[in-house]
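Read through the structure below, which is laid out as structure tokens, and then see the notes.
Keep in mind that this is a model prediction, so the values were computed, not measured.
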Amino acid sequence: MSKRGLIVVDLQNEYLPTGKLPLSGIEAAAANAARAMADAREKGIPIFHIRHEFASGEAPVFVSGTEGVEIQPAVAPLGDEPVIVKNYINSFRDTDLKPQLDAHNVEEVVVVGAMSHMCVDAIVRAAVDMGYPTTVLHDACATLDLEFNGVKVPAAQVHAAMMAAFEFGYGTVKSTDEYLAA
């Protein structure tokens, strides 16, 4: 079995119902992420926390120094678990995520977090492109309703489309229960 790492993407206060960009199902997703984190800690699987901040103060969300950028208490880092701050959608871009994974001898990754159609999508595709077998815990991820060209797309459909794309060509998609039972 190759060495696994758990990547927790952007589970920040900004996405909670009290934040500036609330996501559909974020509290359930964070609860499932917390279960995967507890399992990882018990088994000695390294956990890597990703926190998004916009480099400039011009964005209305994820502003450095605000409560919104803080990681949700339900999934807060413990001990020396690294927190990688990113300024772009892709968690590998201009961060030390790859060196951190290498330092922990990680050969495969499990991804949880937000938003399914943005930062989770970017990290899954990048991880696979870098050669990491990747598993996504679909019920430990969340997103929001979108609109394109006058068509409103409910969050559940946005999320399902992303998970279907991952499963079709990028990796394994499991529920948290399936992952923990394996």
Side-chain angles (χ1 to χ4, degrees), residues 2-16 19-21 23 26 29-138 140-143 162 166 170-171 176 179:
S2 61
K3 182 147 183 199
R4 181 177 298 158
L6 176 63
I7 303 175
V8 182
V9 181
D10 300 350
L11 288 179
Q12 294 166 254
N13 291 331
E14 204 75 278
Y15 288 135
L16 291 171
K20 293 180 182 175
L21 193 57
L23 301 185
I26 188 62
N32 283 323
R35 292 173 55 218
M37 291 167 63
D39 178 72
R41 289 172 179 142
E42 183 180 304
K43 294 177 177 171
I45 296 169
I47 301 172
F48 305 87
H49 301 266
I50 309 295
R51 191 178 82 212
H52 193 108
E53 289 184 15
F54 282 108
S56 71
E58 297 172 18
V61 293
F62 299 109
V63 177
S64 181
T66 66
E67 172 97 9
V69 299
E70 297 304 317
I71 294 173
Q72 295 175 26
V75 291
L78 295 180
D80 61 353
E81 294 171 355
V83 176
I84 294 119
V85 176
K86 68 179 176 80
N87 303 127
Y88 300 98
I89 294 167
N90 183 342
S91 299
F92 285 100
R93 182 176 174 190
D94 295 339
T95 71
D96 69 343
L97 177 57
K98 174 81 167 93
Q100 290 272 359
L101 294 173
D102 291 346
H104 288 85
N105 301 310
V106 170
E107 297 172 351
E108 67 177 273
V109 297
V110 176
V111 176
V112 299
M115 290 187 292
S116 305
H117 74 284
M118 292 296 292
C119 298
V120 170
D121 177 39
I123 195 171
V124 166
R125 293 171 192 258
V128 171
D129 287 348
M130 291 181 181
Y132 295 103
T134 302
T135 299
V136 179
L137 304 186
H138 68 83
C141 296
T143 194
M162 290 314 310
F166 295 154
Y170 282 92
T176 303
Y179 172 74

- prompt: Val120 and Met115: side chain to side chain contact (heavy atoms under 4.5 Å, CB included), yes or no, with the steps?
  reply: CA-CA 6 Å; Val120 170; Met115 290 187 292; over 6 Å; no
- request: Begin with the C-alpha distance, continue with both residues' side-chain angles, and end with the deciding distance and a verdict on side chain to side chain contact (heavy atoms under 4.5 Å, CB included) for Tyr170 and Thr134.
  value: CA-CA 7 Å; Tyr170 282 92; Thr134 302; over 6 Å; no
- request: Check the pair Thr135, Val109 against side chain to side chain contact (heavy atoms under 4.5 Å, CB included), reporting the backbone distance first and the verdict last.
  value: CA-CA 6 Å; Thr135 299; Val109 297; over 6 Å; no
task: Carefully, step by step, assess Ile50 and Ile7 under the rule side chain to side chain contact (heavy atoms under 4.5 Å, CB included).
output: CA-CA 7 Å; Ile50 309 295; Ile7 303 175; 3.8 Å; yes
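Checking His49 against Glu81 by side-chain atom types alone, a donor-acceptor pair falls below 3.5 Å. Counting only N and O atoms by type, the side chains of Lys98 and Tyr132 include a donor and acceptor under 3.5 Å apart.
Using a 4.0 Å cut-off between charged side-chain N and carboxylate O, Glu108 and Arg4 make a salt bridge.
The SG atom of Cys119 sits 9.0 Å away from the CG atom of Asn90 when rounded to the nearest 0.5 Å. From His52, atom NE2 reaches atom CD1 of Ile71 across 13.5 Å, with rounding to the nearest 0.5 Å. Going from atom CG of Leu6 over to atom CD1 of Ile45 covers 7.5 Å, rounded to the nearest 0.5 Å. Distance check, rounded to the nearest 0.5 Å: CD1 of Ile89 to CE of Met118 gives 3.0 Å. From Leu21, atom CG reaches atom CD of Glu14 across 7.0 Å, with rounding to the nearest 0.5 Å. To the nearest 0.5 Å, atoms CE (Met37) and CG (Asn32) are separated by 12.5 Å.
Counting only heavy atoms from C-beta outward, the side chains of Val69 and Ser64 never approach each other to under 4.5 Å. Counting heavy atoms from C-beta on, the side chains of Asn87 and Asp94 never come closer than 4.5 Å. Looking only at side-chain heavy atoms (C-beta outward), Phe54 and Val61 come within less than 4.5 Å of each other.
Heavy-atom neighbours of Glu70 CD from other residues, nucleotides or ligands within 6.0 Å: above the threshold of 12.
Side chain of Gln100 to backbone of Phe48: no donor-acceptor contact under 3.5 angstrom is found. Between the side chain of Asp121 and the backbone N or O of Ser116, no donor-acceptor pair lies under 3.5 Å.
Taking both residues in full, the closest heavy atoms of Val75 and Ala30 are given as CG1-O, 3.5 Å, listed atom of the first, atom of the second, then distance. The two residues Ala29 and Ala142 come nearest to each other via the heavy atoms CB-CB, 4.0 Å. Here the shortest heavy-atom pairing between Ile84 and Leu97 reads CD1-CD1, 3.9 Å. The heavy-atom pair separating Pro77 from Val83 by the smallest distance is CG-CG2, 3.5 Å. Between Met162 and His117 the shortest heavy-atom distance is CG-CA, 3.6 Å. In plain terms, the two heavy atoms of Gln12 and Gly68 that are nearest each other are CB-O, 3.6 Å.
Qualifying salt bridge (Lys or Arg N to Asp or Glu O under 4.0 Å) partners for Asp39, counting only residues two or more places apart in sequence or in other chains: Lys43.
In summary, the aromatic rings of Tyr15 and Phe62 are positioned with their centroids under 6.0 Å apart.
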